Amino acid sequence: MRCENPVMNQILDAYKPMWSLNHAISLMGWDFETYMPRKGTEERGVADSQLHMLYKDLLLSKDFVGLVESAKKLGNLGDLEKGIIRILDREITTQIKIPKELTEAESLERIRGNMVWRGAREKSDYMIYSPHLKKMIEIKKQIVEKIGYEKHPYDALLDKFEEELTVDDLDKTFGALTSRIQKILKKLEDSGSQFCKESKLGKSKYDIQKVEVLNHEILTLLQYEKERFRMDVSTHPFTEALGLNDVRITTRYEGTDFKKSISSTIHEAGHALYNLQCDQSLSGTPLEGGSSLALHESQSRFWENNMGRSLPFVQLVAPLIKKQVNFANQATDDELYLYFNNVKADYVRVDADEVTYNLHIAIRYEIEKKIFGDELSVSEIPEFWNDKMEQLLGVRPTKDSQGVLQDTHWSSGLFGYFPTYTLGNLVSAIIASKMRKDLEEYDEVIKSGNFKPIREWLRLKIHRYGSVYAPKMLLKNTFNENYNPD
Ligand code: MG
């Protein structure tokens with residue numbers, strides 16, 4: 001990308017080495033989760049933290065900060081140029097406040113804590129992991145104080161993942177959402193709804209190699225280009241974009257309940273599409289990728305839920321499923337549809353259905369808010385977690401692996417991240433309702449397996465802009481909406 005203004009071009013040139021470091025860090029992160037030998041952890045931790053610090057040196061170099069400062073004074077800038085300055089200025093303003101020792105301590109602890117968490121989760125023993133959680137929270141609290149905040153300390157962490165997001169926003173969102181979801185759940189359960197009857201399709205063991213073939217067939221149906229995209233396997237599925245033309249996802253195979261593997265694949269592919277359909281002119285600039293985590297999650301959730309669990313989609317993929325999953329070959333479309341949409345209040349967030357999912361996030365939000373508001377200590381977290389589970393979902397974990405140890409986020413220092421999942425769900429619902437109005441014969445389009453109009457709609461409304469616009473602005477401009485819980 002070239003700009004009219006020479007200062008902007010100097011900025012883009014100086015950003016190239018930073019982009020390259022991010023590229024390498026992403027590749028290392030992908031490798032850490034997929035193929036790295038376990039004993040490589042400590043060395044990888046050093047390399048990762050050193051690269052992060054090199055990045056920081058470049059970002060905060062006098063010349064670069066000077067260029068961004070002079071660009072801020074320029075008039076007549078276009079949206080793209082304004083976007084570049086907004087992103088870089090945000091990053092400089094935050095990074096300049098965090099001392100190098102803290103950056104280093106956090107990245108070292110990220111790798112160490114994550115490894116210990118993995119072991120603790122296997123043994124279901126919170127005590128093994130809690131010293132690392134305590135250390136990470138201490139580091140994060142120091143970072144919060146350095147960054148600063150207006151109202152709530154947790155705001156400083158939320159803003160990192162979702163520009164301008166605050167505790168006030170989230171209190172409103174969850175305040176309007178939680179009790180209404182509980183009502184829906186109760187209504188479903190009390191009425192003996194078909195959706196609450198557990199399907200036998202989730203019980204039998206499947207052939208992993210065949211479900212792998214099935215996932216690839218679904219990706220082909222969704223038109224993923226093999227030259228720019230790949231899929232591997234990891235415990236926790238994720239998407240890593242190294243650039244706009246090397247986007248990688250992972251999925252998981254647990255051996256039973258095949259819908260989990262399919263849903264994970266479709267979910268991550270939804271994330272990938274956001275990067276793959278970003279305007280190529282933004283490649284190598286601070287604008288490539290998505291506007292925010294919530295916007296990103298709105299894409300994965302749209303494909304996973306609004307699309308992947310819809311009746312026409314299930315009808316479309318039913319023949320593929322029947323071909324690869326032998327015990328499903330007699331299932332009717334309706335049986336498959338009910339299986340994909342089964343509702344059950346249960347322990348594990350990543351397995352949660354559409355109805356209960358946001359209740360899991362409400363729990364994590366409240367815990368994180370209390371941790372950073374100094375209202376909850378590390379030793380009190382497991383019990384508080386279990387109490388909240390019982391209160392909101394009506395189930396009480398009997399071991400830590402079903403409760404506090406289930407998520408990887410805290411061990412990797414990701415505090416303030418969870419709420420973006422719920423915001424993403426809300427935005428995905430907004431998108432689905434707008435798309436239905438714009439695209440005639442929406443259901444028929446899906447049933448016929450022609451996803452082009454849908455991909456194109458998403459590209460034009462959201463994907464092509466990358467992070468040119470902040471999330472609140474993009475929602476306002478494109479949909480005249482916000483993180484609307486209604
Ligand atoms: Mg996701």
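Note that the structure is a prediction, hence the values are computed from the model and not measured. Whatever order the structure lists ligands and atoms in, that order sets their numbers, starting from 1.
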Are Asp125 and Leu405 packed together at the side-chain level, in the sense that at least one heavy-atom pair is separated by less than 4.5 angstrom? no

Whether Tyr339 and Phe258 hold their rings parallel, tilted or perpendicular, with breakpoints at 30° and 60°: tilted

How are the rings of His296 and Tyr274 set relative to one another: parallel (under 30°), tilted (30 to 60°) or perpendicular (over 60°)? tilted

Sort out for me which residue in Leu273, Asn450, Leu460, Leu276 forms a side-chain contact (heavy atoms from CB on, under 4.5 Å) with Arg455. Leu273

Over 60° means perpendicular and under 30° means parallel, so classify the ring planes of Tyr421 and Tyr357, tilted if in between. perpendicular

Protein N/O/S atoms under 2.8 Å of the Mg ion (ligand 1)? His267 NE2, His271 NE2, Glu297 OE1

Mind jotting down which residue pairs meet the side chain to side chain donor-acceptor pair (under 3.5 Å) criterion with at least one end in residues 218-227? Sequence neighbours excluded, please. Glu225-Arg228

